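When a residue number appears, it is its place in the shown sequence, counting from 1. From a predicted model like this one, the values you see are computed outputs, not experimental measurements.
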Amino acid sequence: MKNFADLTEREVLAVAIASEEEDSRIYMSFAEDLAGRYPDTAKIFEEMAEEERGHRHRLLETYEQRFGPHLPPIRREDVKGFLRRRPIWLTKNLPLDTIRKEVETMELEAERFYAKAAEKAEDTGVRRLLGDLAEEEKGHEKLAVKLTGEILKPDVRAEEDRTRRRMFVLQYVQPGLAGLMDGSVSTLAPLFAAAFATHHNWQTFLVGLAASIGAGISMGFAEALSDDGSLTGRGSPWLRGLTCGLMTTLGGLGHTIPYLVPDAWPNAFWIATAIAGIVVFFELWAIAFIRSRYMDTPFLQAVFQIVLGGAIVLAVGILIGAA
């Protein structure tokens, strides 16, 4: 990779041309991805893509006047100091706030590049063009604010906020809640069956640990492989799988950890079991609250479904273990 200070004026222009072309494609990719979810915001990115194409055209005209039609094979990835852009295929289904932060970073980097390049340029026309582009990149944020004010009316903003909430629920809350429910409920039977069958805390802890981690791995892969997000817009399958797997494991570990109470303690088994029972109570009520808060489930219905179901699974585990 080359240092920026070592670039010739020809190479600086070539990097700028390639960068504007790539940024234009990234903005259009954002616009296409957002068109179905946030059509009005997508128009903003279409406008910004058009601005980048205009910058590229001006740079290319200046380059051809100075150096002819042939561009040297150099891109910003070949120059030290540039942030590496996400591949376009990784920008699909990103949350809107993440996309806006990505754009802010792109604009800031472009502004700094043109400002430094203008200081380095020897030709007066090139220096003027690069300085102008630095100011225009600096003004891109103002352009976005202006376009936001013109395009995103209050009713549109309200609709986009509702869509953003739905996407948050689909991408994070839903897989996390599924994992927490599975981890908290499905591990109850094997854990308490082992507890009442052995009356030994350490053996019970090992069973709970194995059940929690095993369920987490299983749920994580199941979530990741069930939907790639391309049609549903639920985001990265591996991020959803990781969220689901971690929450499943945590749900199981919550009532497993009390069985770390040493067996040497007096009444160690009943102390651990009492603590585990309290943890289970709060876990089930927390799940009911989350379902009511984010999944639009009436609270009493959520309590009935989760708490009653968990209590039945708990009772089954105790009956089997005590048999």
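- Closest approach of Val279 and Gly254 over heavy atoms only: CG1-O, 3.3 Å.
- Residues passing the salt bridge (Lys or Arg N to Asp or Glu O under 4.0 Å) test with Arg112, sequence neighbours excluded: none.
- Hydrophobic clustering (ILVMFWY, side-chain heavy atoms < 4.5 Å, transitive): Met247 and Trp238 are in one cluster.
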Extract all donor-acceptor atom pairs below 3.5 Å that involve side chains of residues 210-222 and protein atoms in other chains or at least two apart in sequence.
{"residue": "Ser212", "atom": "OG", "partner": "Gly208", "partner atom": "O", "Å": "2.8"}
{"residue": "Ser212", "atom": "OG", "partner": "Gly252", "partner atom": "O", "Å": "3.4"}
{"residue": "Ser212", "atom": "OG", "partner": "Leu253", "partner atom": "N", "Å": "3.4"}

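- Distance check: Thr62 OG1 to Glu9 CD gives 10.0 Å after rounding to the nearest 0.5 Å.
- A side-chain contact (heavy atoms from CB on, under 4.5 Å) with Val126 holds for exactly one of Leu130, Leu129, Thr124; it is Leu130.
- There is no path of hydrophobic side-chain contacts, each under 4.5 Å, that joins Val316 to Val307.
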| request: Using the side-chain contact (heavy atoms from CB on, under 4.5 Å) rule, take Phe289 and Ile306 through it: C-alpha gap first, then chi angles, then the decisive distance, then the call. | output: CA-CA 10 Å; Phe289 172 77; Ile306 301 302; over 6 Å; no
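- Between Glu223 and Arg240 the shortest heavy-atom distance is OE2-NE, 2.9 Å.
- The two residues Ala268 and Pro262 have their closest heavy-atom pair at CB-O, 3.0 Å.
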Tabulate below the donor-acceptor pairs under 3.5 Å that side-chain atoms of residues 187-197 make, not counting sequence neighbours, or state none.
{"residue": "Thr187", "atom": "OG1", "partner": "Gly183", "partner atom": "O", "Å": "2.5"}
{"residue": "Thr187", "atom": "OG1", "partner": "His255", "partner atom": "NE2", "Å": "2.8"}

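- By the 4.5 Å heavy-atom criterion applied to side chains, Tyr172 and Leu239 are counted as neighbours.
- Under the 4.5 Å side-chain heavy-atom criterion for ILVMFWY residues, no single connected hydrophobic cluster contains both Ile275 and Ile257.
- Checked by atom type and distance alone, the side chain of Asp263 never pairs as donor or acceptor with a backbone atom of His200 at under 3.5 Å.
- Listed by chain and number, the residues in a ring-ring contact (aromatic ring centres under 6.0 Å, His included) with Phe67 are Tyr63 (sequence neighbours excluded).
- Counting only heavy atoms from C-beta outward, the side chains of Ile287 and Ser184 approach each other to under 4.5 Å.
- Side-chain atoms of Thr8 and Lys120, non-hydrogen and from C-beta on, never get closer than 4.5 Å to each other.
- A search for salt bridge (Lys or Arg N to Asp or Glu O under 4.0 Å) contacts involving Arg53 returns Glu50, not counting sequence neighbours.
- Nearest heavy-atom pair, Gly131 versus Ala118, reported as atom, atom and distance to 0.1 Å: N-CB, 3.8 Å.
- Both Leu71 and Leu13 belong to a single network of hydrophobic side chains, linked directly or stepwise wherever heavy atoms of I, L, V, M, F, W or Y lie under 4.5 Å apart.
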| request: Decide side-chain contact (heavy atoms from CB on, under 4.5 Å) for Glu77 and Glu22; before the verdict, give the C-alpha distance in whole Å, the side-chain angles of both, and the deciding distance to 0.1 Å. | output: CA-CA 11 Å; Glu77 290 83 0; Glu22 183 181 6; 3.6 Å; yes
| request: Apply the test side-chain contact (heavy atoms from CB on, under 4.5 Å) to residues Leu7 and Ile74: give CA-CA distance (whole Å), side-chain angles for both, the deciding distance (0.1 Å), then the verdict. | output: CA-CA 10 Å; Leu7 296 180; Ile74 185 171; 3.8 Å; yes
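- Remark: Arg56 does not engage Glu61 in a salt bridge, criterion side-chain N to carboxylate O under 4.0 Å.
- Leu284 places a side-chain heavy atom less than 4.5 Å from the side chain of Val185.
- Contact of the Phe30 side chain with the Glu46 side chain is not registered, since no non-hydrogen atoms from C-beta on lie closer than 4.5 Å.
- The two residues Pro69 and Glu64 come nearest to each other via the heavy atoms CA-CG, 4.2 Å.
- Between Trp202 and Phe205, the distance from one ring center to the other falls under 6.0 angstrom.
- To the nearest 0.5 Å, atoms CG (Leu260) and CG (Leu209) are separated by 9.0 Å.
- Proximity of Thr248 to Leu180: side-chain heavy atoms (C-beta onward) are nowhere separated by under 4.5 Å.
- With respect to Arg127 and Asp132, no salt bridge is recorded, no charged nitrogen being found less than 4.0 Å from a carboxylate O.
- Criterion: ILVMFWY side-chain heavy atoms under 4.5 Å apart, direct or through other members. Under it, Leu60 and Tyr114 are part of a common hydrophobic cluster.
- Scanning for salt bridge (Lys or Arg N to Asp or Glu O under 4.0 Å) contacts around Glu11 gives Lys2, with sequence neighbours left out.
- Ion pairing between Glu21 and Arg25 holds under the 4.0 Å rule for side-chain N and carboxylate O.
- Here the closest non-hydrogen pair linking Gly251 and Glu283 is O-OE2, 3.2 Å.
- Contact annotation: the side chain of Glu52 never approaches that of Met28 to less than 4.5 Å [non-hydrogen atoms, C-beta and beyond].
- In this structure a side-chain-to-backbone donor-acceptor pair under 3.5 Å is present from Asp78 to Arg75.
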| request: Show the numbers, then the answer: is there a side-chain contact (heavy atoms from CB on, under 4.5 Å) between Phe113 and Val12? | output: CA-CA 9 Å; Phe113 168 73; Val12 167; 4.1 Å; yes
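- Counting only heavy atoms from C-beta outward, the side chains of Thr273 and Tyr259 approach each other to under 4.5 Å.
- Ser24 places no side-chain N or O within 3.5 Å of a backbone atom of Glu20 that could act as its donor or acceptor partner.
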